[in-house]
Amino acid sequence: MREKITLIKNAKIVNEGTIFSGDVLIEGECIKQVAESISPKSADVNVIDAEGKYLLPGAIDDQVHFREPGLTHKANIETESRAAIAGGITSFIEMPNTNPQTTTIEKLEEKFAAAAKTSYANYSFMFGGTNDNLDEILKLDVNQVAGLKLFLGSSTGNMLVDDPKVLEKIFKSTSMVISVHCEDEATIKSNLQEHMDKFGDDIPIKYHPIIRSEEACYLSSSKAIELAKKTGARLHVFHLSTGKETSLFTNKIPLSEKKITAEVCIHHLWFSDEDYDKKGTLIKWNPAVKTAKDRDQLWEALLDDRIDVIATDHAPHTKDEKANVYTSAPSGGPLVQHALPAMLEMYHKEKISLEKIVEKMCHNPAILFQVERRGYIKEGYYADIVLVDLNNPWTVTKENVLYKCGWSPFEGATFKSRITHTFLNGNLVYQNAKFSGVKSAKRLTFNR
C-alpha cells in the first residue's frame, strides 16, 4: 500500500529558535523534507496551503491526570486526549494517582493497553513511587516508560513518600527522571488545622494559598534538591508556584546537561490570588495559585531559562465535586484544550515569543525526557505538527469545551489564536474544529 503524502505549503515555521517561511513534506508517519519551497511530485499529494498561518511542533505535556482507571466519571484517556489534540498537544505523560494507582508494572502495562485502544494522542505514563515498591522501580525498562513520580506533599494520600530512608534509596537507585510534587506535609497540616479551628470546613477559598503556603513549597523543593545533589539523582520539580522557589534553579548550563530542572503550569502563569473571588474552587489547585508577584517571578524565571518546561497538570473534577465546601472540594482543573491558546494569548500581550513557547512546550519536554523523534519540525522526525491561525478569535464556552467534566476555568475568555489543524504521526486528525476519526496515536519511546 502506498504511503500517504501531505505537503504543507507557505507556512511560517516556528522551530529551534527561528521563524521562517517554508514548506513541509510528510510521507507516511514522518517528516520527509523541510525546505523553502517544495513542489508536489505527483497528483495524489494532499496539498494544504498554510498561507498566513504558523506551523508549530505538537506540544508535549509532561504532566496530566486523565483519571483512568477508577475515576472515569471525571475523565478518561479517550475524552481528554481528544481535547488535547484540539488544543495542539500531540503527546502526553500521565500521572500514577489513578485507582488503582500505577505502582506495579502490571498496573502500568494495563494503562498502556488501555491507551493503545482509545487514545487520540501519543502517550506515556509515569510510574508511582511509594514507601515500599523499590523492587518494582528497579525492574522498569527506562526506554519504555516516561519516568518516576513521587509525591512529597499530601496530594494523594497513600502515595505520599514520607520515609526519608526510602526516599534516599529511590534517589540513589534509578537513572530515570524523578518528577516530584513538592509541598511540605507537616506545614500544610498545621496551617489547615489553624484555619479549620477558625472557620470549620467552610474555609473561604482565598486562604488556600496561605494554607498551602510559600513556606510549604520552598521547604519541600529545597529538601528534594538537596537530596538530588547529595545522591546525583536526575530531579524534575513539577508545577512551581512561588517566586522564592525559582532561586533554587539555574540557567548557567544547557538543559541537556542539567541534573535538576523545573516546570511551571499554565494556571500559575495565568491566574493569581486576585481571581479566587470570581473563580472560587474552580481554580483550587495543589500547589495553590499564589500572588501576582509570585506569578511575575515565575514568568521571569521561565523567560530566563531557570524554568525549563510549561505543562498543564490537567486534572479534571466534576462541577458538583468542585462545588463542595473548601475541605471537600478537590484540587485540580482541566487545561489541555486551552493551554496552547492561553500561551499564544500571552504572545499577543507581548509576554513571550512564539519561539519561546515552542521551546518550553515542545522542544524542552522532548530533551528533558529524551523522547524519541518528537518535539521538533525536523526531517526524519514523526510528523506531530500543528497549524495555528494567530488572528481567528474565539470565546471559550460550555458548548465548545471538550473535557468530559464539561467545564473550563477559561470559560468566558476570548483567545485571539485558534488551532486549525493537528497532525499526529503524519495523519491529519483534527481540522477546523472537526476530528477525522483516524486514531494514529503511538506509545512514546525514549532514547536513553
Side-chain angles (χ1 to χ4, degrees), residues 14-17 56-64 89 91-93 95 124 126 146-150 152 175-182 217-218 220-222 224-225 228-229 232-270 287 294-314 335 339-340 342-343 346-347 351-372 374-376 444 446-448:
V14 188
N15 192 56
E16 296 189 274
L56 281 52
I60 301 171
D61 193 343
D62 78 356
Q63 189 189 181
V64 304
I89 292 169
S91 299
F92 66 84
I93 298 172
M95 297 298 107
S124 192
M126 283 203 188
L148 190 63
K149 171 73 183 285
L150 301 180
L152 310 181
S175 62
M176 295 174 80
V177 178
I178 301 170
S179 297
V180 286
H181 176 128
C182 286
C217 295
Y218 186 82
S220 184
S221 298
S222 54
I225 288 167
K229 285 177 176 172
R234 175 66 189 82
L235 181 72
H236 183 48
V237 181
F238 272 159
H239 45 46
L240 291 193
S241 64
T242 72
K244 189 174 182 183
E245 287 170 285
T246 63
S247 66
L248 297 167
F249 301 91
T250 186
N251 55 10
K252 300 283 190 289
I253 52 174
L255 174 56
S256 59
E257 292 171 27
K258 286 188 185 184
K259 294 278 278 186
I260 295 164
T261 52
E263 167 203 284
V264 67
C265 290
I266 300 295
H267 43 287
H268 293 121
L269 293 173
W270 187 278
D294 284 302
R295 182 179 59 192
D296 290 347
Q297 289 173 319
L298 290 168
W299 270 107
E300 193 182 318
L302 177 73
L303 296 172
D304 75 14
D305 298 335
R306 281 173 290 151
I307 295 177
D308 306 288
V309 167
I310 300 171
T312 67
D313 193 14
H314 174 91
L335 282 164
L340 181 55
M343 282 300 105
M346 290 302 186
Y347 158 75
K351 288 282 288 183
I352 188 169
S353 68
L354 294 176
E355 298 95 320
K356 194 59 99 172
I357 292 170
V358 165
E359 179 189 314
K360 302 295 184 181
M361 297 184 81
C362 313
H363 302 339
N364 283 5
I367 295 167
L368 201 153
F369 289 96
Q370 294 167 286
V371 181
E372 211 159 25
R374 300 191 193 277
Y376 291 84
L444 297 178
F446 305 91
N447 189 17
R448 294 170 176 154

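No donor-acceptor pair under 3.5 Å is formed between the side chain of Trp299 and the backbone N or O of Lys351. Judged by distance alone, the side chain of Asn251 and the main-chain N or O of Asp304 form a donor-acceptor pair under 3.5 Å. His181 contributes no side-chain N or O that, together with a main-chain N or O of Leu152, makes up a donor-acceptor pair within less than 3.5 Å. Judged by distance alone, the side chain of Ser220 and the main-chain N or O of Cys217 form no donor-acceptor pair under 3.5 Å.
Partners of Glu359 according to the salt bridge (Lys or Arg N to Asp or Glu O under 4.0 Å) rule, which considers only residues two or more places apart in sequence or in another chain, are Lys356. Residues meeting the side-chain hydrogen bond (donor to acceptor under 3.5 Å, both in side chains) test with Thr246, sequence neighbours left out: Arg306. For Ser175, the side-chain contact (heavy atoms from CB on, under 4.5 Å) test picks out Val142, with sequence neighbours left out. Taking His236 as the reference, Asp62, Thr261 meet the side-chain hydrogen bond (donor to acceptor under 3.5 Å, both in side chains) condition, with sequence neighbours excluded. Residues meeting the side-chain contact (heavy atoms from CB on, under 4.5 Å) test with Glu372, sequence neighbours left out: Thr445, Asn447. Not counting sequence neighbours, the partners of Asp308 by the side-chain hydrogen bond (donor to acceptor under 3.5 Å, both in side chains) test are Lys258. Residues satisfying the ring-ring contact (aromatic ring centres under 6.0 Å, His included) test with His268, not counting sequence neighbours, are none. In this structure, Arg295 has no salt bridge (Lys or Arg N to Asp or Glu O under 4.0 Å) partners at least two apart in sequence or on a different chain. For Gln370, the side-chain contact (heavy atoms from CB on, under 4.5 Å) partners two or more places apart in sequence, or in a different chain, are Arg448. By the salt bridge (Lys or Arg N to Asp or Glu O under 4.0 Å) test, Asp313 pairs with no residue at all, sequence neighbours left out. Lys360 pairs by the salt bridge (Lys or Arg N to Asp or Glu O under 4.0 Å) definition with Asp305, not counting sequence neighbours. With sequence neighbours left out, the side-chain contact (heavy atoms from CB on, under 4.5 Å) criterion links Lys259 to no other residue.
Between Phe446 and Ser124, the closest side-chain pair of non-hydrogen atoms falls below 4.5 Å. Proximity of Leu340 to Met361: side-chain heavy atoms (C-beta onward) are separated by under 4.5 Å at one or more points. You'll find the side chain of Glu263 stays beyond 4.5 Å of the side chain of Ile310, heavy atoms only. Side-chain atoms of Leu269 and Met346, non-hydrogen and from C-beta on, never get closer than 4.5 Å to each other. Residues Ile178 and Val180 form a side-chain contact, since some pair of their non-hydrogen atoms from C-beta on lies under 4.5 Å apart. Using a 4.5 Å heavy-atom cutoff, the side chains of Ser91 and Val371 are not in contact. Phe369 has its side chain out of reach of Met176: every pair of non-hydrogen atoms, C-beta onward, lies at least 4.5 Å apart. Side-chain contact check for Leu56 versus Leu354: every heavy-atom pair is 4.5 Å or farther apart.
Nearest heavy atom pair, residue Ala339 against residue Ile266, reads CB-CG1, 3.6 Å. Shown here for Ala366 and Arg374, the closest heavy-atom pair between the two residues is CB-O, 3.4 Å. Residues Ile253 and Glu257 share a closest heavy-atom pair of CD1-O, 3.8 Å. Here the closest heavy-atom approach between residue Glu245 and residue Thr242 is recorded as OE1-OG1, 2.7 Å. The heavy-atom pair separating Cys362 from Pro365 by the smallest distance is O-CD, 3.5 Å. Summarising the geometry of Ser241 relative to Asp294, their closest heavy-atom pair is O-CB, 3.7 Å, with the distance given to 0.1 Å.
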**Study point:** Audit row: Lys149, Gln63, side chain to side chain contact (heavy atoms under 4.5 Å, CB included) steps and yes/no
**Key:** CA-CA 10 Å; Lys149 171 73 183 285; Gln63 189 189 181; 4.1 Å; yes

Practice item. Check the pair Phe249 / Leu240 against side chain to side chain contact (heavy atoms under 4.5 Å, CB included), numbers first and verdict last. Key: CA-CA 11 Å; Phe249 301 91; Leu240 291 193; 3.7 Å; yes

Practice item. Evaluate the criterion side chain to side chain contact (heavy atoms under 4.5 Å, CB included) for residue pair Ile225 and Leu235; output intermediate values, then yes/no. Key: CA-CA 7 Å; Ile225 288 167; Leu235 181 72; 3.9 Å; yes

Review point. Under the side chain to side chain contact (heavy atoms under 4.5 Å, CB included) criterion, do Asn15 and His363 qualify, and how do the steps go?
Key: CA-CA 9 Å; Asn15 192 56; His363 302 339; 3.3 Å; yes

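With no hydrogens or angles considered, a side-chain donor-acceptor pair links Asp61 and Thr312 at under 3.5 Å.
Here Ile60 contributes atom CD1 and Ile93 contributes atom CD1; the two are 7.5 Å apart, rounded to the nearest 0.5 Å. Separating the OG atom in Ser256 from the CG atom in Asn364 is a distance of 10.0 Å, to the nearest 0.5 Å.
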